[in-house]
Structure formats: C-alpha cells, structure tokens
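Everything below concerns the one structure shown next.
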There are 2 protein chains.
Amino acid sequence: MDRQRTDKNEETSAQGRPTLKTLAFMTGLGVTTVSRALKDAPEIGAETRRRVQLVAKQIGYRPNRAGVRLRTGRTNVISLVLNTDREIMSFVSDIIYGVSEVLAETPYHLIVTPYSRSQDPMEPIRYLVETGSADGVIISRTQPNDPRARYLLEHGMPFATHGRTDMGLVHPYHDFDNHAFAMEAVRRLASMGRRRLALLSPPPGLTYYSHTLNGFADALSEVGASEIPFNTVSIDNTIEQIRMRTAQVMRRDVRPDGFVSSAAAATLAIVAGIEDAGLKLGRDVDVVSKQSSDLLHLFRPELLVVNENFRLAGSELARSVLGWIGGAAPGSLQSLVVANGVQALNQPVPA
Amino acid sequence: MDRQRTDKNEETSAQGRPTLKTLAFMTGLGVTTVSRALKDAPEIGAETRRRVQLVAKQIGYRPNRAGVRLRTGRTNVISLVLNTDREIMSFVSDIIYGVSEVLAETPYHLIVTPYSRSQDPMEPIRYLVETGSADGVIISRTQPNDPRARYLLEHGMPFATHGRTDMGLVHPYHDFDNHAFAMEAVRRLASMGRRRLALLSPPPGLTYYSHTLNGFADALSEVGASEIPFNTVSIDNTIEQIRMRTAQVMRRDVRPDGFVSSAAAATLAIVAGIEDAGLKLGRDVDVVSKQSSDLLHLFRPELLVVNENFRLAGSELARSVLGWIGGAAPGSLQSLVVANGVQALNQPVPA
DNA sequence: TTGGCAATCTGTAACGTTTCAGTATATTGA
DNA sequence: TCAATATACTGAAACGTTACAGATTGCCAA
C-alpha cells in the first residue's frame with residue numbers, strides 16, 4: 001500500500017499533482033528558483049518570474065501544505081475553539097459562516113476545535129499551542145480575566161476573542177456593545193411607561209455579563225425606573241428553568257412590567273412564563289430581546305427586538321486574526337458594534 | 001557502536017517539542033525503532049516497546065502531523081462540506097457538535113469547507129480530492145443523482161452523505177426517515193379529523209424531497225384524505241415567502257385544515273400565515289412539524305412536533321467516514337433513523 | 001565447523017518545501 | 001587592465017515521519 005511512483009527521475013510529469021520539482025523540470029530551472037519566482041522574490045528576473053508563474057497557473061500548481069508546514073511551521077489554519085454543549089445553536093453556525101467567508105479568499109483553512117463541559121477550557125488552547133496546530137485562534141465566551149487569552153498572549157499565538165477581556169492586556173477582539181443594548185432596551189421600555197424592569201442576563205463570569213448589567217443599571221437610573229431582581233437564572237439556564245422562574249416572578253404582587261432578554265431562545269421561555277402566570281405580553285408587560293436571526297417577530301409581534309449579527313462577528317474575528325498574523329498591531333484589530341436601536345416588528349437592520 | 005558522537009544538536013534538550021529523534025536519544029535507540037515501538041510493530045522486543053512508550057508518555061510526545069502527512073499522505077482530517085448560505089442554522093451547529101464528539105477521541109481534526117451560492121457545489125469536493133486535504137468527507141444536501149458522491153467514489157475518497165442517493169452506488173450515509181415522518185404526520189392529522197392536507201416540502205432536487213412527498217402521498221391514500229397543493233414554496237424559501245403563500249392558500253374557499261412542515265423555522269411562517277388569514281391554529285387547522293431543537297411548543301402549544309436529532313446525524317456520519325477509512329465495507333456504514341432511535345440497516349426504504 | 005534462521009535493531013532515503021551558502025556571468029569603478 | 005560588485009540562478013540541507021533494505025546477535029541443525 002504505497003504510492004505508485006518509484007522512479008527517482010524527474011521524468012514523471014504525468015501522474016500525481018505537480019510539485020516544485022515538476023515545475024522546475026518543465027521550466028528547466030532549479031526548484032529553488034521556482035520557489036522564489038512563485039513568491040515574487042526580488043532576486044529573480046522579471047522574465048523568469050512571469051514564465052514560472054504562467055506555467056504554474058497552467059498546470060494548476062498548489063503548494064503542498066504538509067511540505068510548507070513541515071518546513072516553515074506555518075499551518076495555514078485558523079482554529080475556532082467552541083464549547084460543544086454551552087454555545088447556543090444558531091450563534092455558532094453564523095459565526096462559522098462569517099469566518100469561512102473571510103477565509104475563503106485566503107490560503108487558510110478553518111478547523112473547529114471543540115471542548116466539552118467535562119474539560120478544562122484551557123485544554124484545547126494548550127493543545128493548539130503545544131502542537132502548533134494553528135497559526136491563529138478564535139475563542140468565545142470571553143471572561144474579564146481570561147486565562148486562555150493570557151496563555152495565548154504569553155506564547156505568542158495570534159488570536160481574537162469574541163467579547164472583550166479586562167486584564168489590562170491588549171489583543172484583538174470583536175464585541176457587540178451590550179452596555180448600549182441594555183441601555184437602549186431600558187429606555188425603550190421606559191418610553192412605553194414600564195417602570196419595574198427585570199433583566200435576564202448573560203451567564204455571570206463572561207465579560208458581557210457586567211457590560212449588560214451596567215448598561216441596565218445606568219439606564220435604570222437615567223430613566224428613574226426600578227429593577228425587579230431576576231438574577232437566579234441566566235440565558236445559560238434551560239428553557240424550562242427560565243420559564244418556571246419567570247412564571248414565579250410574574251405571580252408576585254410586585255412584578256416586572258418589562259423584561260430585557262439577552263438571547264432569543266430565552267425570550268421564548270420568558271414569554272411562556274409570562275403567559276403561564278395568566279398575563280399578557282404587550283398589555284401587562286413588554287419584552288425587549290436580542291436576536292440573531294429575524295424570527296422573534298413571528299413568535300409574538302409585540303416583542304421588541306435588537307439584532308446581533310453573528311455572521312459579522314465571525315468575519316471580523318477572522319479578519320482580526322489574519323491581521324495579527326500578517327503583522328498588524330493587535331491594538332488596531334479591535335471592533336465594537338453598536339446595534340441600530342430597538343426595532344419594533346420586522347424592520348430590516350443592516351449592520 | 002558507540003552513539004555518543006551522533007549528536008548534532010541533540011544537546012539542545014530544552015527546545016521545542018519532542019520528536020522521534022528526541023525519543024531515540026533518550027532511549028538510546030534508533031528513530032526507526034522508536035517509530036515502530038510506538039505503533040506496536042511486531043518486530044520490536046516487548047521490553048523495548050514498553051520502555052519507549054513509557055518515555056514517550058512521560059515527555060508528552062505527539063507525532064508531528066506535517067511529518068506524518070508529508071510522508072504518508074494521511075492528513076488525519078475529516079472535512080465537513082457546507083453550503084454557506086443555504087443550510088439552515090441550528091442544523092449546522094448540531095451536526096458539527098455531533099461530528100466533533102466522535103472525532104474528539106481520535107487523532108482526527110474537523111475542518112469546515114464552505115461553498116456559497118455562487119459556486120459550483122463540486123468545487124470544494126474537487127479541491128479536497130485534488131489537494132488531498134482530507135482523509136474523509138461529509139456532505140449534506142444530498143441529491144438522488146449526486147455528482148459529488150459519484151466523484152468521490154470514483155476517486156477513492158471515503159465519504160458519508162447526510163441523506164441518501166439513488167444512483168445504484170453504495171456508500172455510507174445517514175438519513176432521517178422522512179417517508180415515515182410524513183406518513184406519521186398525515187396519520188396524526190387524520191386522526192384529528194383533518195382531511196385536506198398541505199405539505200411544505202423540502203427543496204425539490206434533494207433526495208428527501210421525494211421521500212417526504214411519497215410518504216405524504218402514501219399516507220393520504222391510506223387514510224383517505226386529500227391534498228391541497230402547496231408546492232410553489234419549499235423550506236428553502238424565505239420566511240416571508242412562506243408566510244405570504246400560506247396566507248394566500250388559507251384565504252381560499254377550499255383551504256387546508258392540516259399542514260405538514262419539514263422544518264421548524266418554516267413552521268413559524270406557516271403559523272403566521274394562518275393567523276394572517278384570520279384563522280386559528282388548533283381550531284381551523286393543525287400543523288405537524290419537524291424540529292431539531294425543542295422550542296416549537298413554546299411558540300404555539302397546539303403545534304404537533306416530530307424531533308429530528310442532527311447531533312446524532314453528525315455522530316453517525318463521522319463514525320461512518322472513520323469506519324470507511326478504517327477499512328469497513330461502505331455498505332455496512334449506513335443508518336436510517338426513524339422517529340427516536342437508530343436502526344442500522346442495509347435495505348432500501350419504501351420508494 | 002558451517003550455514004541457516006529468527007529476533008531485534010539500525011541507517012538511509014524519500015515526501016515537498018524553504019533557507020543557506022554558494023556559483024557563474026555580466027557590469028562597473030579605478 | 002584587475003578586482004569588486006551586482007544579477008540571476010543553483011545544489012544541498014533540513015523540517016519529522018515512515019518504508020526499505022540491511023545489520024548484528026544468538027541459537028540450532030547438520
């Protein structure tokens with residue numbers, strides 16, 4: 001079980017895919033010259049360079065990734081590190097699409113490196129660094145003090161985080177402005193006369209948890225509304241837990257007349273809980289929710305939504321990592337996207 | 001004899017990750033011996049083998065993928081080929097998780113190879129084969145006569161399809177029994193007294209389109225119900241298109257009193273359309289829908305649902321590809337899942 | 001003794017790429 | 001004129017792995 005080629009002569013131009021040796025044979029040049037000609041090295045004659053590149057294009061030469069990787073250590077791989085059981089569904093595919101879109105025009109491949117509940121989140125990161133399996137890494141579920149970011153920085157591995165850190169270290173990131181989202185959501189609810197607001201927050205521990213909380217609190221004091229505590233659940237809880245908890249709080253004497261929800265799936269549960277308690281959306285209570293695909297308005301037209309574009313996030317993250325690999329300053333590869341305000345019903349939102 | 005002088009740069013034990021050479025130096029053996037000892041080759045002494053493996057574990061040796069790949073052509077990569085704009089969201093992430101789960105316990109990596117609307121679906125396939133970028137491939141959106149499957153088969157690249165083909169060629173697949181789903185859906189509607197049924201089908205062209213249609217038709221005649229044509233849209237249409245079309249058909253004199261929907265997102269649109277026409281779910285019409293995550297019941301409790309487990313699909317597909325790579329017969333790597341529970345089987349499904 | 005054989009182990013040569021240290025040839029400065 | 005220098009190219013080595021074709025040893029039959 002081995003390759004069919006056994007002759008050590010270069011004459012074998014017919015089979016297998018072309019290599020530098022093939023190209024060298026066809027052009028009558030040395031492999032070194034061909035290699036350099038293909039990457040526009042300065043010490044190659046213009047004429048020769050053009051000739052080599054022409055032939056390469058003609059026969060469809062593509063550098064062997066294993067060869068390059070073995071020699072240079074460059075993998076041409078970007079790894080997207082995902083939590084296999086925590087990440088919310090649609091989220092992930094959108095990010096993947098966004099990343100793919102950007103990587104498609106480059107020699108880079110996207111590999112998905114999963115880790116599950118049972119594992120240390122650092123494990124895949126260490127694996128990537130130790131084995132040098134990727135040239136760059138994208139991580140999500142970013143924490144204020146994120147050991148992954150610190151580790152990657154220490155080991156000189158380019159990366160970008162979905163969400164910001166707060167460690168005094170500078171690195172590329174892409175983030176959605178959840179502070180602005182929460183403020184906008186509260187303002188909107190206040191403008192509808194809602195005064196007792198509850199927040200279904202992101203999971204504590206992640207950076208955007210406090211962003212959201214702060215935005216919520218800032219806007220509360222701005223508009224003079226009050227908060228109904230709802231912090232025994234987060235969007236990481238199950239649908240059933242959120243639903244039950246919502247129903248509970250809605251049955252109390254002093255109950256929320258407005259909700260801010262950080263995730264679409266969770267919003268379904270909130271609304272179900274509201275209705276479990278015999279109350280009506282739009283009359284007794286209003287809900288502002290983030291969503292990543294434009295479906296919530298079908299669920300209940302009364303819902304107020306803010307769109308978060310995860311596909312864009314994927315693209316930005318990919319661009320950031322590539323930029324860092326390409327030598328750009330990490331500090332110049334940060335982006336923060338602000339939503340275009342709260343949308344009632346289905347008005348398209350370009351981001 | 002004396003191997004004290006072989007060290008060219010052996011002394012530099014502090015650098016980089018360990019290679020076979022490192023291991024050879026530490027054990028006092030040759031690299032060949034170490035290589036074979038690690039893979040339990042028969043001509044290595046039991047004592048030596050144990051010793052080598054112990055040391056390898058101690059210093060955390062991991063074979064260099066580029067080296068292996070360059071030498072053997074084996075990539076240890078499985079590629080998941082995805083349509084970047086057509087695939088429905090949650091779908092994809094579930095499959096990825098399923099695949100990851102299986103691959104996690106192997107030396108294999110998952111790489112996502114995208115293609116977009118603008119491209120020929122064959123392009124990524126050809127790329128993978130020509131560059132030998134993967135040892136196995138998973139494709140979805142399978143067609144009865146699928147050029148990708150044929151090409152992969154012709155070129156000896158192991159693969160598995162999500163959905164079956166109908167070309168008389170045998171290859172691994174995983175499929176959800178949509179014929180059974182459609183029949184079950186119709187029976188359920190019929191048992192509720194519904195007699196004029198409409199089907200929101202999968203996109204024509206894909207294999208499970210006809211499976212679904214046939215199941216629908218078979219059950220219709222079984223229960224003596226009739227079909228209201230609804231074939232100007234499929235689940236590949238936009239939410240808005242489906243919604244409008246549903247509203248149209250529901251405003252007619254002879255309108256459906258039951259729907260069968262092949263996708264959850266589309267079901268949202270159907271229900272919206274029904275309500276646009278001033279009708280009420282559960283009273284004027286019932287809807288049976290497939291779903292991949294358990295959310296539809298929150299949307300409208302009256303909805304009837306059948307769960308399709310895409311995570312399972314991902315796992316099965318990964319297992320199939322690995323099995324084929326491992327030398328199993330392609331025909332033994334086919335699975336069809338009905339309702340809840342996988343059946344391994346090799347026989348054709350009711351056409 | 002001789003030769004044969006099995007059991008272990010080993011060096012060398014690839015795989016395709018890039019880098020290092022050159023080698024020719026022409027061009028220039030004096 | 002000679003040497004210095006730039007221009008255009010080249011072979012060899014190396015990255016880490018595995019396959020191939022030996023080595024070396026001990027043992028036993030003849």
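For the numbers below, each heavy atom of this structure counts, side chains included, while hydrogens, waters and symmetry mates do not. Computed from a predicted model, the values in this text were never measured in an experiment. Order of the sequence lines fixes the chain letters, A, B, ..., with proteins taken first and strands second; residue numbering starts at 1 for each chain.
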Within the 4.5 Å heavy-atom criterion, are A/Tyr151 and A/Arg126 side-chain neighbours or not?
yes

Would A/Arg65 and A/His109 count as having a side-chain donor-acceptor pair, cut-off 3.5 Å?
yes

Measure from CG on B/Leu20 to C1' on D/dA19 and round the result to the nearest Å.
14 Å

Grab the CG-C1' distance between B/Asn64 and C/dC15 for me, whole Å please.
13 Å

If we ignore angles and hydrogens, is there a donor and acceptor under 3.5 Å between the side chains of B/Ser79 and B/Thr113?
yes

Residue among A/Gln143, A/Arg150, A/Arg148 satisfying side chain to side chain donor-acceptor pair (under 3.5 Å) with A/Asp146
A/Arg148

Here the distance between atom P of C/dG16 and atom CZ of A/Arg74, to the nearest Å, is 18 Å

Which listed nucleotide (D/dT10, C/dT10, D/dT18) is nearest to the side chain of B/Leu29?
C/dT10

Using a cut-off of 4.0 Å on non-hydrogen atoms, how would the nucleic acid contact of A/Gly30 be classed: base, sugar-phosphate, or nothing?
sugar-phosphate

Side-chain contact check for A/Thr33: nearest option of D/dA21, D/dT17, D/dC9 is D/dC9

Does the side chain of A/Thr165 come under 3.5 Å of the side chain of A/His171 through a donor N or O and an acceptor N or O?
yes

From C-beta outward on B/Arg71, which listed nucleotide comes closest to its side chain: C/dC15, D/dT10, C/dG16?
C/dC15

Residues that A/Arg50 engages under salt bridge (charged side-chain N to carboxylate O under 4.0 Å, His left out), provided they are two or more places apart:
A/Glu47

Looking only at the side chain of A/Pro63 (C-beta and beyond, no hydrogens), which of the listed nucleotides D/dC20, C/dT17, D/dT18 gets closest?
C/dT17

Taking only side-chain N and O atoms of A/Thr48, does any of them lie within less than 4.0 angstrom of OP1 or OP2 on D/dC9?
yes

What residues from residues 37-47 of chain B pass a heavy-atom cutoff of under 4.0 Å to DNA chain D?
B/Lys39

Looking at D/dA19, does its base get a donor-acceptor pair with the side chain of B/Thr32 below 3.5 Å?
yes

Listed partners of A/Leu70 passing side-chain contact (heavy atoms from CB on, under 4.5 Å), at least two apart
B/Asn64, B/Ala66, B/Leu70

Given C/dT17, D/dG16, D/dT18, which nucleotide is nearest the side-chain atoms of A/Leu70?
D/dG16

